[in-house]
Amino acid sequence: MSPLVLIVDDESPNLESLGKIFEREGWRVALASSGPAALDVLRREPVAVVVTDLMMPGMSGEELLRAVKTLSPETEVVLMTAYGTVETAVSAMKEGAYDFITKPVKRHAIVKSVRQALEKVSLVAENRALRARLAELAPAGEGPLIGDAPAFRAVLDTLRQAAPTSATVLLTGESGTGKELAARLVHDLSPRAAGPFVPINCAAIPESLLESELFGHEKGAFTGAVARKEGRFERAARGTLFLDEVGEMSPTVQVKLLRFLQDGVLERVGGTEPVRVDVRIVAATNKDLAAEVKAGRFREDLFYRLDVVSVRLPPLRERREDVALLAHAFLRRFTGKHGKAGVAGFTPAALAALERYGWPGNVRELQHAVERGVILTRGESVDAGDLPEAIRAAAPAPGATPAAAGPPALSVPLGTPMEEIERLVIRETLRQTRGDKNLAAQILGIAPRTIYRKLDRDEEGRLVERPPDGGE
């Protein structure tokens with residue numbers, strides 16, 4: 001459903017004119033000729049933006065602003081004011097108004113202001129929904145592995161099932177999909193969680209050194225080997241060894257790894273004595289190992305030893321519904337890291353760009369894009385212009401449908417007497433209005449004297465101050 005824009009003005013021609021302008025923009029419109037009538041609309045249904053005249057008989061636009069912010073804090077208010085009341089409008093903005101437009105109102109100015117207010121409502125609603133979803137996912141034990149797409153949840157389920165066992169796990173998928181995070185999850189959920197997690201990138205170490213780095217070496221095994229050195233296998237004893245880019249291993253190292261997987265023993269370079277090590281292997285690759293076997297570049301017997309539990313991590317383009325969730329999680333991390341706590345989220349245009357982009361670099365690329373956005377933004381939200389050019393180029397024309405905001409809720413136990421319910425509602429409204437009884441009465445649609453009558457005595461039995469004599 002499209003957002004609701006409420007127009008408030010005591011002059012009928014202004015109401016009708018603005019109503020037609022906003023309807024042509026595709027917005028739902030409600031009209032009210034006074035502040036109390038506007039509050040009646042707010043009580044009936046959620047309103048995204050209120051556009052109100054500042055100077056009206058009875059309840060002024062400034063008083064209506066305070067009432068709206070009490071009744072529905074996330075509803076934005078745009079004021080229309082004559083040049084002589086600009087100071088009052090500026091003062092109202094300090095109380096929470098989104099913008100003010102001077103009269104005579106120009107079509108492009110009022111449409112632009114309301115559109116931006118709608119975008120802010122959309123941003124707040126989406127960020128609130130993302131925070132809520134992140135909070136739901138947090139207790140699941142996945143740590144930094146975040147996602148709600150069916151394909152990703154299936155991956156997490158498989159990892160959780162495999163973790164308590166001693167089975168070797170092979171993680172496949174493109175670079176940047178989170179294979180090391182998945183390996184850490186397997187370790188953290190396993191009986192070996194108290195032991196070390198030792199990662200090694202097999203592609204980052206020269207072939208001549210990889211064997212020694214993995215299996216260790218004896219003193220004098222080669223030039224420069226001045227002492228015995230433990231390899232990564234021994235350092236990972238009673239824990240987990242993560243072999244990243246296992247497809248880059250040379251045939252010699254493949255043979256030694258195969259022997260370890262078969263017998264649980266290794267030999268240091270230059271050594272002759274077998275060393276038994278209790279370690280679990282989690283391997284990862286972005287290559288198609290089955291194709292590498294056919295091409296003769298990877299041992300078939302080693303492939304089957306590694307491929308006990310195979311888990312493919314889906315690329316980000318296959319889980320687009322997770323982009324906003326991940327972006328929000330990264331934003332929370334980087335606002336703290338870079339001292340930008342005022343950055344609350346993303347504009348609709350930025351989210352549209354993030355969700356449309358193809359993400360060839362997957363989650364890692366998204367992480368870097370969000371960090372750049374947090375660093376470069378000058379406002380409260382990361383905009384499309386703060387993102388890398390490749391992502392901006394993928395952005396569709398902005399235009400989001402905001403979720404409307406609702407009023408503060410009050411829970412009342414079933415069976416509470418109606419008289420007590422009335423008192424509870426009045427007290428809560430007074431709390432929201434900071435004790436302003438006239439404003440509370442306007443919000444509730446009752447006379448101020450009724451508030452005094454209903455709250456004749458407070459909870460401790462003390463008499464409540466009564467207003468001067470007068471009818472309701």
Side-chain angles (χ1 to χ4, degrees), residues 145 147 149-163 165-187 197-211 213-214 232-233 240-262 279-323 326 357-368:
L145 274 176
F152 189 74
R153 300 307 298 177
V155 165
L156 293 179
D157 287 343
T158 302
L159 293 175
R160 282 196 293 264
Q161 284 183 281
T165 72
S166 59
T168 301
V169 177
L170 177 62
L171 304 171
T172 63
E174 298 174 8
S175 294
T177 50
K179 294 189 287 294
E180 182 168 348
L181 292 176
R184 287 184 181 274
L185 176 63
V186 170
H187 173 74
F197 176 85
V198 179
I200 181 170
N201 187 328
C202 300
I205 299 174
E207 182 180 333
S208 59
L209 298 179
L210 181 60
E211 183 180 1
E213 190 65 31
L214 283 171
R232 301 291 179 100
F233 274 87
T240 302
L241 176 64
F242 174 51
L243 300 174
D244 197 8
E245 302 301 346
V246 70
E248 301 295 335
M249 282 184 173
S250 67
T252 302
V253 178
Q254 289 182 38
V255 170
K256 295 194 74 167
L257 175 58
L258 175 62
R259 183 189 176 190
F260 178 83
L261 291 173
Q262 290 173 331
V279 63
R280 183 188 195 166
I281 302 296
V282 178
T285 181
N286 60 10
K287 290 186 173 183
D288 182 346
L289 287 189
E292 293 293 297
V293 169
K294 288 181 180 179
R297 291 187 292 267
F298 200 84
R299 293 183 63 98
E300 184 176 18
D301 45 5
L302 176 58
F303 170 62
Y304 290 121
R305 284 284 181 180
L306 291 173
D307 195 33
V308 178
V309 177
S310 182
V311 181
R312 174 184 175 269
L313 276 74
L316 194 52
R317 63 181 175 275
E318 293 181 8
R319 43 183 291 228
R320 289 183 183 275
E321 55 265 65
D322 286 341
V323 169
L326 286 163
Y357 183 59
W359 300 110
N362 293 299
V363 178
R364 186 184 296 122
E365 185 183 7
L366 173 61
Q367 178 178 328
H368 294 161

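The figures that follow rest on heavy atoms only: side chains count, while hydrogens, waters and symmetry mates do not. Everything numeric in this text was worked out from a predicted model, so none of it was measured. The first residue in the sequence is number 1, and the count goes up from there.
When all heavy atoms of A149 and D322 are compared, the pair lying nearest together is N-OD1, 3.0 Å. Across all their heavy atoms, P199 and R184 have their closest contact at CG-NH2, 4.3 Å. Residues E365 and Y357 come closest through the heavy atom pair OE2-OH, 2.8 Å. Residues F242 and A183 share a closest heavy-atom pair of CD1-CB, 3.5 Å. In terms of heavy-atom proximity, P314 sits nearest to V155 at CD-CG2, 3.8 Å. Pairing each heavy atom of R299 with each of V293, the nearest pair is O-CG2, 4.1 Å.
The side-chain contact (heavy atoms from CB on, under 4.5 Å) test with V309 is passed by exactly one of L170, V282, T158: T158.
Separation of atoms CG (L257) and CZ (F233) is listed at 5.0 Å; rounding is to 0.5 Å. Summarising the geometry, atom CG belonging to D244 is positioned 10.0 Å from atom CD1 belonging to I200; distances are rounded to the nearest 0.5 Å. Between the CZ atom in R232 and the CG atom in L243 there is a gap of 10.0 Å [rounded to 0.5 Å]. Rounded to the nearest 0.5 Å, atoms CZ (R305) and CZ (R259) are 13.0 Å apart. Rounding to the nearest 0.5 Å places CG of D301 at 4.5 Å from CG of L258. The distance from the CD atom of E321 to the CG atom of L326 is 10.5 Å, given to the nearest 0.5 Å.
Taking 4.5 Å as the limit, every side-chain heavy atom of V186 sits out of range of all side-chain heavy atoms of T240. In this structure, E180 and N201 have side chains that are not in contact, with every pair of non-hydrogen atoms separated by 4.5 Å or more. You'll find the side chain of K287 reaches within 4.5 Å of the side chain of E248, heavy atoms only. Residues L289 and D307 have side chains not in contact (no heavy-atom distance under 4.5 Å, counting atoms from C-beta outward). Contact check for T285 versus T172: side-chain heavy atoms found under the 4.5 Å cut-off.
Side-chain N/O atoms of N286 and S175 include a donor and acceptor closer than 3.5 Å.
For residues 168-179, every residue pair satisfying the salt bridge (charged side-chain N to carboxylate O under 4.0 Å, His left out) rule, not counting sequence neighbours, is listed here: E174-R317.
Residue K294 qualifies as open at atom NZ: its count of foreign heavy atoms under 6.0 Å is 12 or below. Within a 6.0 Å radius of CD in Q262, more than 12 heavy atoms belonging to other residues, nucleotides or ligands are found.
In this structure a side-chain-to-backbone donor-acceptor pair under 3.5 Å is missing from R280 to V169. Remark: side-chain polar atoms of Q254 are paired, donor with acceptor, to backbone N or O of M249 under 3.5 angstrom. The backbone N or O of R364 lies less than 3.5 Å from no partner atom in the side chain of N362, so there is not a single donor-acceptor pair.
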**OP:** Check the pair F260, L214 against side chain to side chain contact (heavy atoms under 4.5 Å, CB included), reporting the backbone distance first and the verdict last.
**Re:** CA-CA 11 Å; F260 178 83; L214 283 171; over 6 Å; no
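The aromatic rings of F197 and H187 lie tilted to each other, with the angle between the two planes from 30° to 60°.
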